[in-house]
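Since the structure comes first, as structure tokens, the remarks are kept for the end.
These numbers come from a predicted model, not from an experiment. One-based numbering along the sequence shown. These numbers come from the heavy atoms of this one structure, side chains and all, not from hydrogens, waters or symmetry mates. Both ligands and their constituent atoms are indexed starting at 1 by order of listing.
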Amino acid sequence: MKKTTNLVWGGRFEYDSSDILKRINNSISFDYNLAHQDIKLNKQYAKSLFKAKILSMNELKKINAALDDIQQEVKKKKFKFSDDFEDIHMNIEMALRKRVGRLAGKLHTGKSRNDQVATDVKLWTKEKIKNVIDKIKKIQKTIIKKSESNLNVIMPGFTHSQNAQPILYSHYLLSFFEMFERDKKRAKQLLENINECPLGSGALAGTNFYEIDRKALAKNLGFKKPTENSLDSVSDRDFVIEFLSLLSILSMHFSRISEDFIIWSGSAYEFLKFPDNLCTGSSIMPQKKNPDAAELVRSKCGRIYSSLLNLLIIQKGLPSGYSKDLQEDKEPLFDAFRTIDLLLDIVNEMIDSVTINKIKMYDLSKKGHMTATDLADWIVKKTNYTFREAHNITGKIVLIAEKKKKELSELTLQEFKLVEPKISKDIFNYVSLENSVSSKNSYGGTNINQVLKAIKRAKKKI
Ligand code: ARG
């Protein structure tokens, strides 16, 4: 065993950490990601220490210059993150020590890595939430653009994967606008929840007599206010869980639109085509063009869920206060963000670049008696039947059509009358696809004017 050389916490130790401890304990291989946040935090903390008269003006200047220098090195990717120093906080502190000597040791006055890491992770997450919001907006803009340029395209709307009622393709696209709008709202809400600064909470109990102005410190770091309880501050990672939850829901939406597009690009539907640049070929079947990008979006959702689950499991049994388990929040968090960031770009490109086959969509819409509800509604409107009775009559007409291998609109007036003599010839206007779509005139329905209004509202939201 080697005598300890640890400058940060080695005092009460006789011997150095074993290699095996370093392997499980060191986090620099991933928390180097927090370098900018850690430097930013240290700079603001130095300012607080100056105001609290712990650092002189001269010392503050020296520390600031050294931190600027470190920041430049990190930016230029010249900073050497070393495994000799456990984590990002120690790496930065050691780099500072190299530049300003023992003065570096003053910067940790009243500060613990526990409040420091919680603050770093919050700063990082805040930034990434904003990235997510910006990219969601970009997708929403693409949806609006595509909804406007495909306004008259009729397609089957499905329930249970079966033709149900005709809708406009724009209406379909706008349904995802709404899902992404809620994702965006969740993200904005989290920006509010996350807006309290843990720094100045110390290890768990608060800081001693050093007069750190936590309110000013929080403001300087871009937070609304300081956290209310020091013990909560160092153990709280529920904001990470919240972030991963919203990313999970967002990726679920991505997975669903991908699934629609994948199925619709297949030979069974041929509703749409992916461009070459989002597909790959087969090494054996020369004719193949596979929608790999969309398939990977669909599956990477699982990866994001697993990060969420990971964090939920890590935190479920933790006692109050900081435990090293909390170090394990970072890899799932970083991985989930890296993944969603890629998905946000791909989904945008996917929606923007698929080409729609209106004819195939229309042709399939003619199948499955999708205007049967309109027929039932006509009966209700023109006779004394209740909707339940009209439903039953219409069912019988559908049965006849099935037996004759015809669609509803292909039946003759006599065939309609065979089931219900009150049916007159204006029924043919009612059971057309166009009429079915335009009669869905309720707020939020698929009637074209409603869709235009929805587009107007959507534009206001972004
Ligand atoms: N690397 C640690 C983490 O990510 C920093 C906090 C360490 N605190 C401690 N008491 N050992 O959680």
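- Here Asp363 pairs with Lys366 in a salt bridge; the nearest charged N to carboxylate O distance falls below 4.0 Å.
- For Tyr172 and Trp264, the gap between ring centers is short of 6.0 Å.
- Any N or O atom pair closer than 3.5 Å counts here, and Asp87 shares at least one such pair with ligand 1.
- Counting only non-hydrogen atoms, the option in Glu86, Met90, Arg113 that gets closest to atom 11 (N) of ligand 1 is Arg113.
- Protein heavy atom closest to atom 12 (O) of ligand 1, with residue, atom name and distance, is Tyr322 OH, 2.4 Å.
- Taking the six-membered ring wherever Trp is involved, the centroid distance between the rings of Phe81 and Phe79 falls below 6.0 Å.
- Near Asn114, the atoms of ligand 1 lying under 4.0 angstrom from a non-hydrogen atom of the residue are 8 (N), 9 (C), 10 (N).
- Partners of Lys225 according to the side chain to side chain donor-acceptor pair (under 3.5 Å) rule, which considers only residues two or more places apart in sequence or in another chain, are Glu196.
- Listed by number with element, the atoms of ligand 1 under 4.0 angstrom from any heavy atom of Gln327 are 1 (N), 2 (C), 3 (C), 4 (O), 12 (O).
- Listed by atom number, the atoms of ligand 1 under 4.0 Å from His89 heavy atoms are 5 (C).
- When non-hydrogen atoms are compared, ligand 1 lies under 4.0 Å from neither the backbone nor the side chain of Gln116.
- Residue Lys330 approaches ligand 1 through these ligand atoms, each under 4.0 Å from one of its heavy atoms: 3 (C), 4 (O), 12 (O).
- In this structure, Phe50 has its ring center no closer than 6.0 Å to that of Tyr45.
- Which parts of ligand 1 touch Ser27 is read off a 4.0 Å heavy-atom cut-off, strictly below it: atoms 1 (N).
- Residues passing the salt bridge (Lys or Arg N to Asp or Glu O under 4.0 Å) test with Lys358, sequence neighbours excluded: none.
- Atom CD1 of Ile359 has 12 or fewer neighbouring heavy atoms from other residues, nucleotides or ligands inside a 6.0 Å radius.
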